[in-house]
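The structure appears right after this line, and notes come after that.
Chain identifiers are assigned alphabetically (A, B, ...) following the order of the sequence lines, protein sequences preceding nucleic acid strands; residue numbering begins at 1 within each chain.
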Number of protein chains: 2
Amino acid sequence: MSDGKPARPTMEDVARHAGVSQMTVSRVMSSKGYISEKVRDKVLAAARDIGYVQNRLARGLRSEQTPLIAVVLPTLGNTVFTDVLSGITDALTQNGYRPVFGLTEYSETREETLVRDLLSWRPSGIVLTGLEHSETTRQAIRASGVRVAEIMDVDGPAMECAFGLSQKAAGQHTARHLLGKGHRRFAYAGSQNGQDLRAVKRLEGFRQTLRDAGAVMISEDVSTAPSSMVEGRRLTADILSRADQPDAIYYASDDLAAGGLMHCLSNGIDVPGTLALAGFNGLPFLNALPLQLTTVETPRYEIGLQAGRFLVSDQAQEALPDGCVDLGFTLIPGQTC
Amino acid sequence: MSDGKPARPTMEDVARHAGVSQMTVSRVMSSKGYISEKVRDKVLAAARDIGYVQNRLARGLRSEQTPLIAVVLPTLGNTVFTDVLSGITDALTQNGYRPVFGLTEYSETREETLVRDLLSWRPSGIVLTGLEHSETTRQAIRASGVRVAEIMDVDGPAMECAFGLSQKAAGQHTARHLLGKGHRRFAYAGSQNGQDLRAVKRLEGFRQTLRDAGAVMISEDVSTAPSSMVEGRRLTADILSRADQPDAIYYASDDLAAGGLMHCLSNGIDVPGTLALAGFNGLPFLNALPLQLTTVETPRYEIGLQAGRFLVSDQAQEALPDGCVDLGFTLIPGQTC
DNA sequence: ATAGAATATGTTTACGTAAACATATCGGTT
DNA sequence: AACCGATATGTTTACGTAAACATATTCTAT
C-alpha cells in the first residue's frame, strides 16, 4: 500500500476501465471522429470514476497546437489594461481558449524576453500592446508562425491586425475641442517618463493641432512615476507655480487629470474659468468627481474582445488597408473646459 | 523550395549544428548537470543561429512539472482582483513562473469547470479566491497534488494555506467605529446578489457587533448588478426614500459607497451629520472624492504577492494554526462618519 | 443480394524533451 | 602506477496524447 506518487490516471487507464482502446478514449475526449453513444457514455463514466483529467501538455505536443493565447501588456496597474484583459479573457473563454500573460512594465527589452518565453508554450496566438516592437520581437513571432493581434493603437502598420483607436486623432480631437472653447495657452502633463508610446502619439496629435491653430504649448511636464492622482496633483501644482501660466492643461490620463482637478478645487482655482482640464480614457471613477471631467472615452473592453475573437477565429478580420481595425473614441465634453 | 510548414527547430537541430548530442543541448538549456564552458557557448550560439525556442509542452510532459500557476478569480471588473493579480504576477515572474487564469463570475459551478480545465495544464500550483469551494473542486485539486493558496479570506479552515484578512473582523471593526461615532440606525447596501461571500462575511460581522451593542439594522438591500457607483447611488436613493431612515449606511464596497456619497452631495444631504457612510477596500480613487470616505483598506497587492511566493517556494509558509496568513486591514476614518 | 459509402473501433507511431543509466576523461591521492 | 571521485558527454527510453493508417461493422441504394 505504498504510493509516494498518486500517479494521475491516463487515457490508458480510462480505456482499460471502459474496455476500449486508448485511441477510442482520445476520440471521446476530443469529440473527433465517429463514436457510438454507448461507447461514449461508457468512456465518460469510466473517466469520471477514476478521476481522469486530460493532459494538455501531451495533447499540445502531439497535435502541435494549443488553446492558449499569449497576452503581453505593459501593466495591470492601469484600468485601461485590465479592461482590455477582461475583454480578451471573455473572448477566449467563450471559445475554449485560455490566456497566459506577462507584463512588460513598458520596457522593450522585457517585451523581447517575455515574448520569447511565452512562445515556448506554443500558443496559437499572441496579443501585443501597441504597434512598436523590436526587430527581435517581430522576428521571433514571425518565425513561430503564431497569429498576432496588436491592441490600443492603429496609427501605423500592423504585423497582422491591430485593434484600437487613433491615438493621434484623439489628441487632435481634444486639442480642437479646447481651442473651440477659446483656450490658447496650453500645458501638458504626462507620466511614465514617456514610455507609454500611445500617450506620446496623443501628444503629437495635440501639438500638431495647436501648431496649426497658432496656439502655444507653454510646457510639457512628464514625471517618471506611473500615472496616479497624487502624481497629477503634484504635476499640476508644479505647472501652476511658474510665472508663465497656461489656461488649459492636457493630461496623459484621467488619473492625472483628476489629481489636477483636486488641486484646483483645494486651491480655489476656477475650473474651467481660470484653467481648463482634459484627460483621457473615460474611466468610470470620473463620475464620482464633483465636476465632470472632460475626457476621451475609449472602447477598452471592446478592443480586447475583438482582438481575442480575431485570434481564435479562423478567418481573417476585414480590416482597414493597413491591417487595422479602428474602434474609435468618444469625446466627453464634461465641465472642466 | 516548398515549405508549407516552417518546422520549428528542436534540440536535435541545435545539437547537429553544434556537433553535440541532443542531451547535451538539453543540459545547457536547463542548466542541469556538468557542461564545459566551451560546449555551453557553442550550443547557445547554435541555438541563437537557428532561432531555437524551447518547447515547454514537451519539457513539461517529460519532467512532469511546469512553471505554471493556475489563478482563479471571480472577475477582473473589480480593482480588488486586478490588484491581487498584479501581486501574484510579480511574485511568479520573479521566480520564472507564469500565471494562467480564468474567471468564475462568482459562480461555484464555473469554478468547478474552470479548476478542472486549468488542472489539465498540470500547473504546479493554483490560487483560489475565498475559502468556500465545492467538494468536487476540492477533490479535483487534492487528486492533482498541486499546491493551493486561497486568497482574500482567513475566516475558516484553508485547504493548505490562505492569505488574506478576516472579513468578519473588518465588518465588526467598521460597526464599532460607526457605533463609536454615535450612530444607531443602520442600513446595508450590497451588490452582486450576495454572491460575493467575503461581503457576506463582513455583513455578518457587522450585524453581530450591532446586535451586541443593541443597535438596529433597519434594512439590507442587495442588488443583483455588479458593484458600481451608479448602483450605489441607486441603492442609496432607494434606502432614503423609505419612511424608516437610517443614520448610517454600510456599503459592501467603495464603489457603492462613492455612489451613495454622490447621491447625498447632489441632494444636499448632510454627511456625516444626517447620514454617515462607510465603504470597504480603500481604493485609490477615494482620494478624488470631495469628502474622504470612511473605509477599510485591504492589502490586496501584498496578498497576491505572498500567495504567489508561497506557491513557488518549496518550504511551507509559517502560518496560523488553521493554515491562514492574516495580512490584516486598516480602518481609514475619513470624513463620512 | 451486393457494392459502396458511412460509421465505428483498433494498432502503430511520433511529437520534443529529460530521467535513468552508461561511459569517458581528467586531476589528485596513495 | 593504480585508483578514485569529480567532471563531462553520450545512449536509450518514456512521458501522454493524437495523427496516420488499418479494419470491422453497419447502413443505403440499386
Side-chain angles (χ1 to χ4, degrees), chain A residues 4-44 46-47 50-68 119-124 144-145, chain B residues 4-44 46-47 50-68 119-124 144-145:
Chain A
K5 294 189 180 178
R8 317 262 251 304
T10 70
M11 284 188 175
E12 207 74 63
D13 300 319
V14 176
R16 207 171 308 118
H17 253 75
V20 298
S21 72
Q22 174 263 315
M23 196 56 225
T24 299
V25 177
S26 170
R27 289 204 181 93
V28 171
M29 294 302 164
S30 55
S31 306
K32 258 182 191 163
Y34 296 112
I35 289 287
S36 66
E37 277 296 313
K38 212 176 61 179
V39 169
R40 155 169 285 116
D41 293 346
K42 208 164 50 172
V43 167
L44 290 178
I50 67 176
Y52 170 75
V53 176
Q54 69 170 307
N55 188 326
R56 291 264 187 198
L57 302 175
R59 200 218 252 246
L61 177 60
R62 178 66 243 236
S63 66
E64 311 207 306
Q65 60 167 321
T66 63
L68 231 41
L119 288 177
S120 73
W121 288 103
R122 300 291 190 261
S124 50
S144 75
Chain B
K5 294 188 179 180
R8 317 261 251 305
T10 70
M11 284 189 177
E12 208 73 63
D13 299 320
V14 177
R16 207 171 306 118
H17 252 75
V20 297
S21 72
Q22 175 262 316
M23 196 57 226
T24 298
V25 177
S26 170
R27 289 202 181 94
V28 171
M29 293 303 166
S30 54
S31 304
K32 257 180 190 163
Y34 296 111
I35 288 287
S36 67
E37 277 298 311
K38 213 176 59 180
V39 170
R40 154 168 286 115
D41 293 346
K42 208 165 49 174
V43 168
L44 290 178
I50 67 176
Y52 170 76
V53 175
Q54 69 169 306
N55 187 326
R56 291 263 187 201
L57 301 175
R59 199 216 253 244
L61 176 61
R62 178 68 246 232
S63 66
E64 311 209 306
Q65 59 167 324
T66 61
L68 231 42
L119 288 178
S120 72
W121 289 104
R122 300 291 189 259
S124 50
S144 75

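Using a 4.0 Å heavy-atom distance criterion, B/Ser36 is classed as a sugar-phosphate-only contact. Residue contacts for B/Met23: at a heavy-atom cut-off of 4.0 Å it reaches a base atom on one of the strands shown. Residue contacts shown for A/Gln22 include a base, since a base heavy atom lies under 4.0 Å away. Residue contacts shown for B/Ile35 are limited to sugar-phosphate atoms, with no base heavy atom under 4.0 Å away.
In the set C/dA18, D/dA18, C/dG16, the nucleotide with an atom closest to the side chain of B/Thr10 is C/dG16. Nearest nucleotide to the A/Ser21 side chain, out of C/dA18, C/dG10, D/dA18: C/dG10. With distances taken from any side-chain atom of A/Thr24 to the nucleotides C/dA18, C/dT9, D/dT17, the minimum falls on C/dT9. Candidate nucleotides D/dG10, D/dA6, C/dA6 were compared by shortest atom distance to the side chain of B/Tyr34, and D/dA6 ranks first.
Separating the CZ atom of B/Arg62 from the C1' atom of D/dC15 is a distance of 6 Å, rounded to the nearest angstrom. Rounded to an integer number of Å, the gap from CZ of B/Arg8 to C1' of C/dG16 is 12 Å. Protein atom NZ of A/Lys38 is 12 Å distant from nucleotide atom C1' of D/dT25, rounded to whole Å. With rounding to whole Å, B/Leu61 atom CG is found 12 Å from C/dA14 atom C1'. At whole-Å resolution of the value, CZ in A/Arg40 and C1' in C/dT7 are 13 Å apart. Distance, A/Met11 CE to C/dT9 P: 16 Å, rounded to whole Å. The NZ-P distance, from A/Lys32 to C/dT9, rounds to 18 Å in whole Å. Atoms CG (A/Asn55) and C1' (C/dC15) sit 13 Å apart, rounded to a whole Å.
Note that CE of B/Met29 and CZ of B/Arg40 are 10.5 Å apart. Values are rounded to the nearest 0.5 Å.
Position along DNA chain D of the nearest nucleotide to A/Arg59 versus B/Val39 favours B/Val39 as the more 5'-ward residue. In this structure, B/Glu37 and B/Ala58 both approach DNA chain D, and ranking their closest nucleotides by distance from the 5' end singles out B/Glu37.
Shortest non-hydrogen contact noted between B/Ser30 and B/Ser26 is OG-O, 2.8 Å. Listed here is the closest heavy atom pair of A/Pro9 and A/Tyr52: O-CD1, 3.4 Å. What you find for B/Gly60 and B/Thr66 is that their closest heavy atoms are CA-CG2, 4.1 Å.
Contact check for A/Arg122 versus B/Val53: side-chain heavy atoms found under the 4.5 Å cut-off.
A donor-acceptor contact under 3.5 angstrom links the side-chain atoms of B/Arg27 to the base of D/dG10.
For the OP1/OP2 pair of C/dT17 and a distance below 4.0 Å, the side-chain nitrogens and oxygens of B/Ser26 include no atom meeting the criterion.
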